[in-house]
Amino acid sequence: MADKKNLLLLFDHPTEPVFMDKGGNKTVFEMPDSYMTENYGGLCKSVQKRISADRDPKVFVREISIPDLSYPESLKRNEPFSLFVKSHRQKAGHLIEVFLTLKSVDHLQSVAVYARDRVHPVLFNYALSVALLHRKDTQGLDLPSFWQTFPDRFVDSAVMQKLREESYVVQNIAQRRPIVIPTKYTASDLEPEHRLWYFREDMGVNLHHWHWHLIYPIEITPGADRSIVDKDRRGELFYYMHQQVIARYNAERFSNHLGRVKPFNNLTDTIAEGYFPKMDSLVASRAFPPRFDNTRLSDVNRPVDQLRVGINDMNLWSSRILEAIHQGFVINRNEEKIYLDDVKGIDILGNMIEATVLSPNQTMYGDIHNMGHILIAYSHDPTNRHLEFPGVMGDSSTAMRDPIFYKWHAYIDDIFQEHKRILPAYRADELSYQDMEVLSIKVESRGLQNRLTTFFKESDVDLSRGMDFQPRGNVMVRLTHLQHHPFKYTFVVNNTSGARRYGYARIFMAPKVDENGYEMLFADQRLMMIELDKFLILVPPGRQTFTRDSTSSSVTIPFERTFRDLSNSSETPNTPESQENFFCGCGWPNHMLVPKGRAEGMSFDLFIMVSNYDNDRVDQNGPDGCSTAPSYCGLRDRLYPDRKSMGYPFDRLPRTNVITLDHFLTSNMKTAEITITHDSTIEKLPSLANRNRN
Ligand code: CUO
């Protein structure tokens, strides 16, 4: 019987033939001759003899009859693969369905080994990841992070070349030096947008985005089990996770003396911001194309990907969606009205705008979000005249590098907000929690009250699993990322009910003043509220002081989880912790929890609300699920753990007479002014390995 852990080896070295050694201990798959591709024919055995000794581990692959894979195979291996392209999603959906319906791990291993050199490497990675996540018999596996398998999508191509040189020249792994990824390498200071390099090009931020889209697929083959798409409130989570990205980005923009992001809401406008990624795609052996300043979009017509979308289509879809929002209902495929009420409306809209298979009517409401990515990604070659590949906006692992991502998603968010704007405001009595008062909140970090500090820090990560056709062994890069000193919230609650009560503590933060130096109005500030944490508290009668560490945040995953090397992980696969790891891999990177702030200090409003948990609780049975970053990623196989709308209490316009945050507060809420200061010294790692040692 196959060991499910061996399936993970199939992620290693994604463009090398499947029969090459894997896993750092020279494991090879002993596969049937009939599984070999034409390219290498009878070479497999002799190559394996050369690279792996008899004593090295072998994985026996059983010969079975292989299902028809011609549809996923029809995407060429060196073409781009994008989840934003429907035909690519459908091809991946076909392979996912094949993987999901195989009767055992043994059969899955056989088909996966067969498919690995025949389908597109990224499509394979995606389909196998989704299948391992959803099959009952493959739970508890620690999948490698996407940056480990495809480092080319996260790292400057100049660094990739230096990594190759290092691993080829320096045979003794102890003597290998990390290759330093330069900071600020994609543009000069002449480009104001470049001040945000540390956010847009952060590995953890981009990894989070890829991972989110991986655990929330949008396509399945017709007739297949819909459960991999039909997850609780997934449309709403699409809205909320991306809304929070925009809120965070705006706080970073303010930190860097830039105005808030302007929505790209007129597709005939030029895109002022160019972007030059300076990355090469490993799979395609081509550079990710740049987009020049002031590019204008054109209709895309690329028959090879069955891609045909015009600016007019986009305008038509957006006006239909807005009409539905204003009418308060959508028309489904059976011409029935589905009302966009205050509970399910946002979820329906999320599925419509992301064009998932749950969209009530794709013919009517189209594919606006994904096609926006596509129009932008192909703006340099919309008709395939130059046989060019998409830019970084064409892939969920690279899109967040580009300034236009935020302008596009600000526009998408405006559509969602149009729906939120017509919902009734929360009344003060709805927001209150009777007999529960929050008396104070503060944060503390390194002995300082209400002052947080950010700085840059170096970290080393190993990219060896994704470095193909090179000598084996660790090859490290040294990256520089934003970090903050950990901090602790302390808040005091007064429970006058005379009984123990449960509360949901909801902590947010937003800039205090706008880009013009004026105190923010609630209507603006609510959209910039960054969720920092949400957790359950049990409040005994009387006054009670609570503390909570920033590292426990319900929106983030720890730095170590983002960047750890799973092949060296000491976690055993059967602990509840590791069983949830794959899902838990989703989460905003903790090192980006708080915005950078300014050297001179920047003021933020810290906000806490303790709401009545009896109204918020979601009763569900079963194991606790992944609880690392549920606010942005949900819980595996479970309901979203909060009955309130995502973003509550800031997801709607306020009641009348609320002009500023202070007016909004009911007695179960409190604010504090905090200052975030950026310290420009970089926390360096010890110097590089000494080459003189033998
Ligand atoms: Cu996550 Cu546009 O959806 O990128």
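Order of listing sets the numbers, starting from 1, for every ligand and every atom in it.
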Enquirer: Cation-pi check, Lys278 to Tyr185: give yes when NZ or CZ is under 6.0 Å from the six-membered ring centre and within 45° of the ring axis, no otherwise.
Expert: no
Enquirer: Taking the ring of Tyr378 and the ring of Phe389, is the distance between their centroids below 6.0 Å?
Expert: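 No, the ring centres sit 6.0 Å or more apart.
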Enquirer: Classify the ring geometry of His409 against His242: parallel below 30°, tilted from 30° to 60°, perpendicular beyond 60°.
Expert: parallel
Enquirer: Keeping to distances under 2.8 Å, can you name the protein N/O/S atoms close to atom 2 (Cu) of ligand 1?
Expert: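 Metal shell, protein only: His369 NE2, His373 NE2, His409 NE2.
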Enquirer: Check the orientation of His209 and His213. Use parallel for under 30°, tilted for 30 to 60°, and perpendicular for over 60°.
Expert: perpendicular
Enquirer: Number the atoms of ligand 1 from 1 as they appear, then name those within less than 4.0 Å of a heavy atom of Phe238, with their elements.
Expert: 3 (O)
Enquirer: Side chains of Asp293 and Thr295: closer than 4.5 Å at any heavy-atom pair?
Expert: no
Enquirer: Check for me whether the distance between the ring centres of Phe508 and Phe650 falls short of 6.0 Å.
Expert: yes
Enquirer: Specify whether His373 and Phe84 have parallel, tilted or perpendicular ring planes, treating 30° as the upper limit for parallel and 60° as the lower limit for perpendicular.
Expert: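 Ring orientation of His373 relative to Phe84: parallel.
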Enquirer: Is it true that Trp212 lies under 4.0 Å from ligand 1, counting heavy atoms only?
Expert: no
Enquirer: Could you list which atoms of ligand 1 come closer than 4.0 Å to a heavy atom of His213?
Expert: 1 (Cu), 3 (O), 4 (O)
Enquirer: Within the 4.0 Å heavy-atom shell around His209, which atoms of ligand 1 are there?
Expert: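 Every atom of ligand 1 under 4.0 Å from some heavy atom of His209: 1 (Cu), 3 (O), 4 (O).
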Enquirer: Got a list of side-chain donor-acceptor pairs under 3.5 Å for residues 361-368, not counting sequence neighbours?
Expert:
| residue | atom | partner | partner atom | Å |
| --- | --- | --- | --- | --- |
| Asn361 | OD1 | Thr363 | N | 3.4 |
| Asn361 | OD1 | Met364 | N | 3.2 |
| Asn361 | ND2 | Ile331 | O | 3.1 |
| Asn361 | ND2 | Asn332 | O | 3.4 |
| Gln362 | OE1 | Lys86 | NZ | 3.3 |
| Gln362 | NE2 | Ala355 | O | 3.2 |
| Gln362 | NE2 | Thr356 | O | 3.2 |
| Tyr365 | OH | Ile331 | N | 2.9 |
| Asp367 | OD1 | Asn370 | ND2 | 2.9 |

